[in-house]
Protein chains: 2
Amino acid sequence: MQSPEKNPAGCNCLALRQAARHVTQIYDQFLAPSGMRATQYSILARLSRRGSMTINALASELVMDRTTLGRNILPLRRDGLIAVARGGVDRRSKELRLTRSGEARVRAAFECWQQAQAQFESSFGAGRAKALRALARDVALSDPGAVAPVDKD
Amino acid sequence: MQSPEKNPAGCNCLALRQAARHVTQIYDQFLAPSGMRATQYSILARLSRRGSMTINALASELVMDRTTLGRNILPLRRDGLIAVARGGVDRRSKELRLTRSGEARVRAAFECWQQAQAQFESSFGAGRAKALRALARDVALSDPGAVAPVDKD
DNA sequence: TTGATTTAGGTGTATATACTCCTATATTGA
DNA sequence: TCAATATAGGAGTATATACACCTAAATCAA
């Protein structure tokens with residue numbers, strides 16, 4: 001392992017963040033006509049596929065912090081794409097569901113997403129894209145492992 | 001190419017963003033004792049390695065939007081880790097440089113970074129990490145290609 | 001049953017990201 | 001020279017991210 005001053009390219013975190021920034025800009029540009037950003041599309045598309053979910057459940061599936069998702073759904077609620085209902089069984093929870101408007105928006109955005117996906121795969125290569133997704137998925141689902149010192153009682 | 005409703009795992013953008021979120025949390029936790037976040041460390045470490053740079057040059061190297069870097073250096077300036085000087089040749093530009101305090105901070109944070117890097121590589125595998133970095137780097141440096149319709153005159 | 005603990009989610013705060021529009025300076029061309 | 005253009009960077013706005021701390025509701029244990 002080299003020093004980052006000698007080899008800044010060696011940092012896994014920096015490499016992933018740079019790639020995420022770059023790719024997000026591409027997808028965001030293609031999604032722009034749909035009036036959504038990549039993160040918003042990922043939320044709506046997941047709700048469309050899985051049906052109503054609680055905030056915690058959806059955040060976990062999206063590998064997103066619970067509080068981040070709580071903030072990210074605010075503009076979607078404001079725009080009437082998502083509705084929130086108090087959980088029937090557990091009254092602490094909140095069920096998120098797509099509205100009619102949200103369903104329509106997802107369908108429209110899907111066309112944009114396809115273009116972004118096609119553009120990326122044609123320029124980066126479908127094979128390498130597949131390998132990248134597989135590695136990225138393994139990273140996202142991997143155990144964080146023993147992190148910084150946690151003081152337990 | 002499958003529908004994202006059928007195969008949300010197929011989205012390159014989502015996969016990269018999830019991985020970046022996950023890994024950033026790990027690195028941020030290890031960097032916490034240094035009082036910096038991963039992005040801040042990447043800025044200081046680059047300045048340390050390359051010496052004074054303008055905002056545009058540094059942003060380009062970090063694969064970061066110019067305006068994003070402009071915002072990201074504000075807390076670093078506030079904390080006295082970075083100093084800004086008007087460019088000598090081109091008076092529109094601004095030269096960013098590490099202060100003494102900034103140099104010391106980078107040295108201290110390097111230890112934290114090493115721990116984060118070691119933790120990640122030991123849990124994910126050094127070989128797969130190397131492959132991931134190589135793909136991520138190719139993505140970050142790749143031509144965005146023909147993006148959404150741009151209206152040129 | 002009821003007090004302790006756990007869990008679902010929100011709030012305050014801070015940083016990260018990038019688009020659009022703006023000003024100032026530099027460069028270029030007639 | 002000087003007007004047109006290009007470039008460096010900032011400001012306004014909006015979303016994205018997550019930690020620490022808080023409240024309410026559910027669960028567990030004595």
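Computed from heavy atoms alone, side chains included, the values below leave out hydrogens, waters and symmetry copies. Protein chains get the first letters and strands the later ones, always in sequence-line order, with residue 1 at the start of each.
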Practice problem: Kindly say if T68(B) contacts the phosphate of dA16(C), meaning a side-chain N or O under 4.0 Å from OP1 or OP2. | Solution: no
Quiz prompt | Euclidean distance, atom CD of residue E95(B) to atom P of dA8(D) [Å, nearest integer] | solution = 12 Å
Quiz prompt | Check ion pair R97(B)-E103(B) (N to O, under 4.0 angstrom) | solution = no
Quiz item: Starting at the 5' end of DNA chain C, which residue's closest nucleotide do you reach first, V84(A) or D28(A)?
Solution: V84(A)
Quiz item: Over how many whole Å does the gap from Q29(B) atom CD to dA20(D) atom C1' extend?
Solution: 13 Å
Quiz item: How long is the line joining CG of L31(B) and P of dC19(D), in whole Å?
Solution: 13 Å
Quiz item: Has Q40(A) got a side-chain N or O lying under 4.0 Å from the OP1 or OP2 atom of dT15(D)?
Solution: no
Quiz prompt | base_contact_polar (dT7(D) base, R91(B) side chain, donor-acceptor, <3.5 Å) | solution = no
Quiz prompt | Validation row: K94(B), R86(B) side chains within 4.5 angstrom (heavy atoms) | solution = no
Practice problem: Could you state the atom-to-atom distance from CZ of R21(B) to C1' of dT15(C) in whole Å? | Solution: 16 Å
Quiz item: Just by distance, with hydrogens left out, do R105(A) and S34(A) show a side-chain donor and acceptor under 3.5 Å apart?
Solution: no
Quiz item: Taking atom types as modelled, is there a side-chain donor on N12(B) or E121(A) under 3.5 Å from an acceptor on the other?
Solution: yes
Quiz item: Rounded to the nearest Å, what distance is computed from the CD1 atom of residue I55(B) to the C1' atom of nucleotide dA16(C)?
Solution: 16 Å
Exercise. Indicate whether OP1 or OP2 belonging to dT17(C) is found under 4.0 Å from a side-chain N or O atom of Q25(A).
Key: no
Quiz item: Closer to the 5' end of DNA chain C via nearest nucleotide, is it G88(B) or T67(B)?
Solution: T67(B)
Quiz item: Quick one: L96(A) CG to dG10(C) P, roughly how many Å, whole number?
Solution: 9 Å
Quiz item: Looking for any heavy atom pair under 4.0 Å, which part of the strands does R86(A) touch: base, sugar-phosphate only, or nothing?
Solution: nothing
Quiz item: Below 3.5 Å, does any donor atom in the side chain of R66(B) face an acceptor in the base of dG10(D), or the other way round?
Solution: yes
Practice problem: Return the nearest nucleotide to the side chain of S93(A); candidates are dC19(C), dA16(D), dG9(C). | Solution: dG9(C)
Quiz prompt | Residue whose nearest DNA chain D nucleotide is more 5′ - A38(A) or K94(B) | solution = K94(B)
Quiz prompt | Side chain of T39(B) (C-beta onward), nearest among dT17(C), dG9(C), dA18(C) | solution = dT17(C)
Quiz item: T54(B) side chain N/O closer than 4.0 Å to the phosphate oxygens (OP1, OP2) of dA8(D)?
Solution: no
Quiz item: Hey, does the side-chain of R92(B) have a donor or acceptor N/O within less than 3.5 Å of a partner on the base of dA8(D)?
Solution: no
Quiz item: Does N72(A) have a side-chain nitrogen or oxygen under 4.0 Å from the phosphate oxygens OP1 or OP2 of dT15(D)?
Solution: no
Exercise. For M64(A) and dA8(C), give me the distance from atom CE to atom P, rounded to whole Å.
Key: 18 Å
Quiz item: Which whole-number value in Å describes the distance from D90(B) CG to dT23(C) P?
Solution: 19 Å
Quiz item: Is any N or O donor-acceptor pair between the side chain of R71(A) and the base of dG10(C) shorter than 3.5 Å?
Solution: no
Self-check item: Heavy-atom side-chain contact between F110(B) and Y41(B) under 4.5 Å
Solution: yes
Self-check item: Side-chain N,O (N56(A)) to OP1/OP2 (dG9(C)) below 4.0 Å
Solution: yes
Practice problem: Begin with the C-alpha distance, continue with both residues' side-chain angles, and end with the deciding distance and a verdict on side chain to side chain donor-acceptor pair (under 3.5 Å) for T54(A) and N56(A). | Solution: CA-CA 6 Å; T54(A) 65; N56(A) 271 332; 5.8 Å; no
